Structure formats: C-alpha cells, structure tokens
Protein chains: 2
Amino acid sequence: MTGVKPTMSDVARTAGVSAMTVSNVLTGRRHVSPATRSRVEQAAAALGYELNLTARHLRAGRTDTVALVVPHFDHPYFGELAARLAALLAAEDRHLVVEQTGASREAELAAVSQARWQLYDGVLLSVVGMSAADLDDLHTSVPLVLLGEQEMPARYDHVRMDNVAGARLATAHLLATGSRRIAVVGGADPDPASGMKPARTLGWTLAHADAGTDPAPELLVRAPADLTSGRDAVRRLVADGIEFDAVFAVTDTLATGVLAGLAEAGVRVPDDVQVIGFDNLASSEFTVPALSTVDPGHERMVTEALRLLDAVARGPAGGADGGTGAREHVISPARLVHRATARAR
Amino acid sequence: MTGVKPTMSDVARTAGVSAMTVSNVLTGRRHVSPATRSRVEQAAAALGYELNLTARHLRAGRTDTVALVVPHFDHPYFGELAARLAALLAAEDRHLVVEQTGASREAELAAVSQARWQLYDGVLLSVVGMSAADLDDLHTSVPLVLLGEQEMPARYDHVRMDNVAGARLATAHLLATGSRRIAVVGGADPDPASGMKPARTLGWTLAHADAGTDPAPELLVRAPADLTSGRDAVRRLVADGIEFDAVFAVTDTLATGVLAGLAEAGVRVPDDVQVIGFDNLASSEFTVPALSTVDPGHERMVTEALRLLDAVARGPAGGADGGTGAREHVISPARLVHRATARAR
DNA sequence: CTGTTAGCGCGTTCAC
DNA sequence: GTGAACGCGCTAACAG
C-alpha cells in the first residue's frame with residue numbers, strides 16, 4: 001500500500017546486504033549462507049517484493065520461454081499440440097506461451113513481422129496460410145522451428161506428419177474392406193504447392209492407383225477443415241445424387257462433421273458408408289460411432305520439434321548441415337487407428 | 001551474418017542521427033521529418049535491425065499484452081475462450097498470450113506464485129483447483145480478473161456463468177418433457193465450497209423441488225469433467241442396473257462422453273434417454289444426435305472480463321467500490337439451446 | 001561466501 | 001524537429 005514497488009536494492013538495504021546477494025538468493029546460482037539467505041527472504045517478504053522479470057530478461061538475454069504460434073486457439077488440434085509441448089517444457093522448468101495469428105496469409109505475415117518473438121528463446125511456428133516464398137522473406141534472429149504440412153524453405157527446421165502415407169493407408173483400408181466409391185472430403189487439387197490437403201488427397205489417389213483403379217473426379221469434395229464444412233460436404237454429395245460408400249475426411253474435425261451429416265441423412269456407418277479421418281484427436285474416440293482415423297505420431301512430433309529448437313538455440317552457426325543453411329526436416333510416420341466407423345480388414 | 005545484433009545506436013550512427021530519433025521513428029510518438037524518417041528506415045533495413053522488446057518493456061513498464069491463464073490448453077472450453085479474447089484484443093492492437101497451469105491446486109499455486117505475471121499488463125485467471133482461501137493469500141500487483149465457477153474473494157473482479165439457473169433450466173426442461181429419472185453426470189455434493197459442479201447439481205435439485213419431486217440419490221453420478229468419465233458414467237449406471245430416462249451432464253464434454261456411452265449400450269437418444277449438456281461448445285452442434293445444451297453467454301463473459309481488466313488497470317486505487325476493496329462480480333445469464341438430444345416442450 | 005562495478009537497450013526529460 | 005544524459009531493475013564479471 002506504500003504505492004511504490006520495492007526493487008532488489010530496497011530488499012538489499014533492509015536485509016543489510018548488497019543487491020547481488022539478493023539476486024543470488026533468488027536465482028540460487030551461487031551459494032549464500034543460510035543466515036544471510038533467511039534475512040534476505042524475510043526482508044523480501046516484509047516489503048512484498050516481486051522480482052521484475054522484464055529487467056531480468058533484458059540483463060540475462062534469456063526468457064526461458066518458448067512460444068507456440070498457431071493459427072487458431074480454438075481448434076482442438078492446436079490445443080492438444082500446445083498441451084503436449086507445455087508438458088514437455090514444464091518438465092525442464094521452461095515455459096510455453098501460445099499466441100494466435102489468425103489463419104490467413106495476411107494475418108500470419110503480420111504476426112510474423114512483429115518483433116514480439118524477441119521475447120522468446122525460441123518460436124515454434126505452425127504455418128497454415130503462408131507460402132514457402134513468404135517464409136523465405138522472413139528474417140528473424142530468433143530460433144525458429146516450423147510445424148505444418150506444406151512445403152517449407154530448406155533453411156528452417158521443419159517437423160510434419162507423413163500425410164501422403166497416412167492418407168494412402170486410410171484409403172487402402174477402405175478399398176480392402178470393400179468400398180469402391182470413396183469420397184475425399186476436404187480434398188484439394190494435388191497441384192497447389194501448399195497445405196496438407198493436396199498431400200492427403202494425393203495419398204487417396206495413390207491408394208487407388210495401387211489397387212489398379214482410378215477414383216471418380218466427382219468424389220473429390222473441396223472443403224475448409226471445419227465441422228460445418230464436413231456436414232455440408234455430405235449434404236452436397238447427397239443433394240447432387242453422387243453415390244459413395246466411404247469417406248476419407250482429411251481431418252478428424254471434417255470427419256466429425258461428416259458423421260453428423262450422415263446421421264442426419266439416415267445413412268448407417270459403417271454399413272452403408274465407411275468413414276476414416278486424419279489426426280487422431282482426443283475427441284475422435286467419442287464420436288458416434290467411434291471414429292477410425294490416422295494417427296500422425298503426435299508425441300514424436302513434439303519431441304522432435306523441441307529437440308530441433310534447442311539445437312538451433314545452442315548452435316546458431318551451422319546446424320545439422322555444417323553451415324550450408326539447410327536444416328533438418330523431420331517426417332513423423334503415420335499409423336491407422338481402428339475404431340468403429342470402418343470395418344475390420 | 002556479422003553475428004552481433006545491431007541496437008538503436010547502431011542504426012542511429014549509420015543514419016547520422018541520434019538514438020532518440022530512431023526511437024521516435026519506430027514509435028511514431030513524435031514528429032520526424034520525412035527525410036530523416038526514410039534515412040532511419042533505410043539504415044534499419046540495411047543493418048537488419050530488430051527492436052528489442054524486453055528493453056522497451058523495462059523502460060516503458062508496459063507490455064501491451066494480456067495473459068489468459070487456463071488449467072488446460074486442450075480443453076475446448078478454454079480454447080474457445082482464448083479465441084474470443086484474442087479476437088477482441090486484436091481489434092485494439094493488443095496481444096493475448098495463453099499460459100497453462102495444470103488444473104491441480106498445487107500446479108495453480110505454483111503458476112500463480114511466480115513473478116511471470118509482471119510480464120503482462122493484466123491477467124485473466126481461469127481458476128479451477130484453487131480455493132477462495134488460496135486466492136486470498138495471493139499477492140500480486142498485476143491487474144487481475146478471475147474467471148471461474150467457484151466462490152471467489154470479494155477483492156477481485158470476477159466473471160462467471162449463472163450455473164444454478166442454467167442447470168435448473170435444463171433439468172426443468174427434462175422434467176417438462178416427461179422424464180422422471182434424471183441422472184446428473186458430473187454431479188457433486190452441493191456442500192463443498194468450490195467448483196461449478198455443486199452449483200449445477202444444485203440447479204438440478206432445485207428444478208426437482210420446483211416440480212414438487214425429489215431426485216433419487218443414486219442418480220447423482222460423480223465424475224471429472226472429461227470425455228472418458230462421461231462414457232464411464234453411463235457404463236456404471238447401466239452395470240449397476242440403475243434406471244434413468246434422462247441425463248443432465250454438467251459439461252458438454254461430459255455429455256459427449258455420455259452420448260458415446262449410450263450409443264455403445266444401444267440406448268436411443270432422445271427416445272429412451274434424453275440428454276442435455278452445459279457450455280454450448282462449438283462442437284456440440286455436431287454430436288450424433290446434436291446436443292441440446294445450456295449456453296452460458298460466452299460473448300458477454302469475455303467482454304465483461306476485458307472491461308473489468310481495463311478498469312483495474314486504469315484505476316488501481318478504487319474500482320467499482322470506491323476503495324473498500326470489493327469489486328465487481330458479473331454473472332452471465334444462461335439460456336437453453338434446443339437441439340436433438342432432448343424433446344421439444 | 002559476499003561486494004563493487006558496469007552495463008543490457010531502450011525511452012523519458014529537458015534542452016536547443 | 002532533434003539531441004544528450006540518465007536510469008528502468010537486474011546480473012555477469014571480477015574482486016576480496
């Protein structure tokens with residue numbers, strides 16, 4: 001209630017020591033005699049002293065904080081990612097803060113061009129809207145690891161899932177269990193250079209090729225990756241009278257919407273239409289029926305991302321490449337999770 | 001590639017001006033002649049200068065950043081909360097960072113006792129594990145607004161939902177549509193002083209009293225608020241042979257688990273058992289069948305929370321009370337959302 | 001084990 | 001419209 005915030009010197013003065021000693025007590029980086037320590041602690045408590053972290057950050061040049069920058073806070077995929085990273089970092093007394101860009105290219109560029117990242121020891125950037133070219137224009141001295149399913153410039157470390165293999169696995173399973181008209185919901189033209197959708201769509205195409213068939217073009221349903229779009233995709237398919245006996249949804253979120261759409265249309269899953277998603281969200285076990293999906297190896301991805309980030313932070317000179325500028329690109333293997341929306345093989 | 005990060009003085013030197021002028025160009029707080037401005041901008045670009053925000057923060061004593069501290073990143077309720085807040089703040093060029101405590105009392109206390117909050121202009125704290133007594137012991141000079149459904153000390157601003165009224169509404173609807181044995185999943189003894197569960201359970205009790213009945217005690221099923229627990233609650237109910245013709249789940253997450261459990265047991269919803277949840281998550285519209293639920297007035301909650309935070313930040317002296325220490329406690333009204341898991345009245 | 005000195009890189013204050 | 005000096009609060013480096 002005195003109004004002014006006490007500083008370290010204030011604590012030092014009332015404890016009868018120097019500011020350095022107070023600092024030592026607080027950081028524990030140097031030995032302090034028990035007697036001195038307790039005098040300092042009492043003085044700090046008496047004054048209601050609170051360490052000023054911004055000053056520490058400026059002086060130390062470190063913040064012990066890693067940032068995760070995601071397009072949306074409210075997409076379960078990113079929430080789960082954040083939770084996993086936070087758990088890993090907390091184990092080593094480091095902190096995670098999460099920031100949101102908004103998914104558009106413009107919003108991501110704006111977020112990225114800001115000097116905010118200087119506040120962190122490293123940044124994990126989940127890219128969705130930006131292109132490889134945009135990323136190439138990016139200049140930051142902060143250790144940066146990219147997460148995301150599109151093509152990325154070689155000069156950044158990058159962790160992603162095996163989208164093609166996962167989608168191929170899912171589609172192959174649908175073919176092997178008797179489906180012949182497999183819609184890909186959230187599919188995209190395989191040409192565009194960005195995003196997970198072309199890769200997963202490619203997996204769908206390849207699985208058909210593997211089976212010696214060719215998917216009908218009207219079974220490729222473009223859609224943004226949200227719940228509403230999944231439901232709408234089914235409505236559209238039904239309204240257009242397009243026959244299908246299975247759906248490969250390129251994300252679990254889309255798949256959940258698809259299940260809602262199929263239920264609404266009175267279609268039985270998996271008897272009439274099988275469904276497989278991609279991402280293995282925590283909630284996917286609890287859809288009705290329980291969603292079969294592709295697990296992208298979440299744990300692997302977060303441990304690799306953190307490993308790469310620490311490697312960049314420690315050795316800014318070269319990295320895995322020995323100085324050419326190329327860095328590691330990790331691909332986490334995908335695996336099929338069998339539940340109730342697809343038949344057993 | 002020179003290795004050393006340029007500072008403002010470096011930029012100033014190569015632009016042939018003083019550091020102050022560089023600062024003025026960057027902040028835009030004072031007029032700078034166009035010619036000087038462009039010289040500074042070119043010098044900054046040439047050197048690859050990046051503003052050091054930690055220094056600015058120390059000097060300015062402000063960070064233009066608000067923190068949201070939540071128990072879990074990966075619970076959709078908090079993800080949606082974060083997204084709403086971020087949208088509101090972005091509109092005024094302020095930033096939101098989200099941090100996670102872990103939901104236990106110990107983890108929350110640890111998170112809270114740290115000086116980290118000094119890094120923010122204000123903190124929105126989502127309380128789950130801590131008691132009112134714990135919060136009373138809290139001493140921080142950072143503007144703080146509490147979010148959470150338990151009792152909170154009067155000296156903090158606090159925003160919450162109308163849990164009792166919402167639960168009463170839901171239960172009353174179930175009674176009015178013919179259900180007589182309404183289980184409350186996630187229910188709790190109304191005595192304990194903390195948490196949303198007792199309040200929502202109380203609403204369930206009161207609705208029965210309103211109807212002149214008394215719920216059977218075996219219909220109160222205690223459970224943590226997650227998907228697995230919702231499903232397990234149904235399994236237990238069924239295994240124990242307890243008859244029920246409706247479920248009021250105290251969160252949508254629990255309700256989603258309940259729907260999975262009912263589907264697994266071959267129970268038809270809403271024909272055999274009606275279900276109503278609480279929270280109105282974005283995903284609740286897409287369960288099968290679509291979940292009827294209680295909407296807690298999300299938008300209202302976030303605007304109020306931000307309004308209170310700004311009020312604390314601006315007038316640290318008094319607040320709504322005029323200096324007695326008591327502050328505003330806002331209760332957002334609840335409303336029933338009719339979908340497919342409950343019959344129309 | 002403890003103290004002294006000297007900044008970290010900005011922005012406020014006051015001058016011109 | 002621009003500059004000089006100082007200090008925000010803390011800690012690395014070197015004493016002793």
Side-chain angles (χ1 to χ4, degrees), chain A residues 3-41 43-44 47-65 114-121 141-142, chain B residues 3-41 43-44 47-65 114-121 141-142:
Chain A
V4 188
K5 288 197 61 176
T7 76
M8 250 186 195
S9 327
D10 297 328
V11 177
R13 197 171 314 117
T14 83
V17 297
S18 77
M20 195 62 240
T21 301
V22 178
S23 174
N24 289 151
V25 170
L26 264 41
T27 59
R29 291 170 70 81
R30 282 164 72 176
H31 282 293
V32 178
S33 75
T36 312
R37 162 180 298 277
S38 82
R39 285 219 316 289
V40 168
E41 282 166 351
L47 296 180
Y49 171 71
E50 289 180 296
L51 176 65
N52 183 324
L53 278 180
T54 72
R56 169 181 286 183
H57 290 171
L58 174 58
R59 182 66 245 218
R62 261 185 316 98
T63 61
D64 294 319
T65 300
Q114 271 163 321
R116 289 189 61 75
W117 291 354
Q118 299 293 339
L119 297 173
Y120 308 115
D121 290 351
S141 54
V142 178
Chain B
V4 188
K5 289 197 59 175
T7 75
M8 248 185 198
S9 326
D10 297 329
V11 177
R13 197 171 314 116
T14 83
V17 297
S18 77
M20 193 61 243
T21 301
V22 178
S23 174
N24 289 151
V25 169
L26 265 42
T27 60
R29 292 169 69 81
R30 279 163 74 174
H31 283 294
V32 178
S33 75
T36 312
R37 160 178 300 275
S38 83
R39 284 223 314 289
V40 168
E41 280 165 351
L47 296 180
Y49 170 73
E50 289 179 296
L51 176 65
N52 183 325
L53 278 180
T54 73
R56 170 180 285 184
H57 290 171
L58 175 58
R59 186 64 248 228
R62 257 185 318 98
T63 62
D64 293 320
T65 300
Q114 272 163 321
R116 288 189 62 74
W117 290 356
Q118 298 293 341
L119 297 173
Y120 308 115
D121 290 351
S141 53
V142 177

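Chain identifiers are assigned alphabetically (A, B, ...) following the order of the sequence lines, protein sequences preceding nucleic acid strands; residue numbering begins at 1 within each chain. It should be emphasised that the depicted structure is a prediction, and the values quoted were computed from it without experimental measurement.
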- Listed partners of A:N52 passing side chain to side chain contact (heavy atoms under 4.5 Å, CB included), at least two apart: A:T54, A:A55, B:L58

- Message: Restricting to side chain to side chain contact (heavy atoms under 4.5 Å, CB included), what partner residues turn up for B:S23, sequence neighbours left out?
- Response: B:M8, B:M20, B:T27

- Task: Using side-chain hydrogen bond (donor to acceptor under 3.5 Å, both in side chains) as the criterion, list what pairs up with A:R30, not counting sequence neighbours.
- Result: none

- Query: For B:D121, which residues count as a side-chain hydrogen bond (donor to acceptor under 3.5 Å, both in side chains) partner, sequence neighbours excluded?
  - Reply: B:T63

- Item | Helical bend (five base pairs per end, nearest 10°) for the helix from C:dC1-D:dG16 to C:dC16-D:dG1 | 30°

- Value rounded to 0.5 Å, distance of CG in A:D64 from CZ in B:R116: 9.0 Å

- What string of B, S and - do you get for nucleotides 9-16 of chain C 5' to 3' if you count protein non-hydrogen atoms under 4.0 Å? BBBBBB--

- Item | Residues that B:R39 engages under side chain to side chain contact (heavy atoms under 4.5 Å, CB included), provided they are two or more places apart | B:V17

- Message: Can you list everything that forms a side-chain hydrogen bond (donor to acceptor under 3.5 Å, both in side chains) with A:S33? Sequence neighbours excluded, please.
- Response: A:T36

- Message: Test of understanding: with side-chain hydrogen bond (donor to acceptor under 3.5 Å, both in side chains), list the residues that count as partners of B:T14, not counting sequence neighbours.
- Response: none

- Message: Using the side chain to side chain contact (heavy atoms under 4.5 Å, CB included) criterion, which residues pair with A:R37? Sequence neighbours excluded.
- Response: A:V25, A:V32, A:E41

- Note on the structure: salt bridge (charged side-chain N to carboxylate O under 4.0 Å, His left out) pairs touching residues 11-28 of chain B, sequence neighbours excluded, are B:D10-B:R13

- Message: Please classify the nucleic acid contact of A:S18 as base, sugar-phosphate, or nothing, using heavy-atom distances under 4.0 Å.
- Response: base

- Item | Contact interval (first through last nucleotide) of DNA chain D with protein chain B, 4.0 Å heavy-atom | D:dG1 to D:dG9

- Task: Report yes if at least one side-chain N or O of A:S33 is closer than 4.0 Å to OP1 or OP2 of C:dC1; otherwise report no.
- Result: no

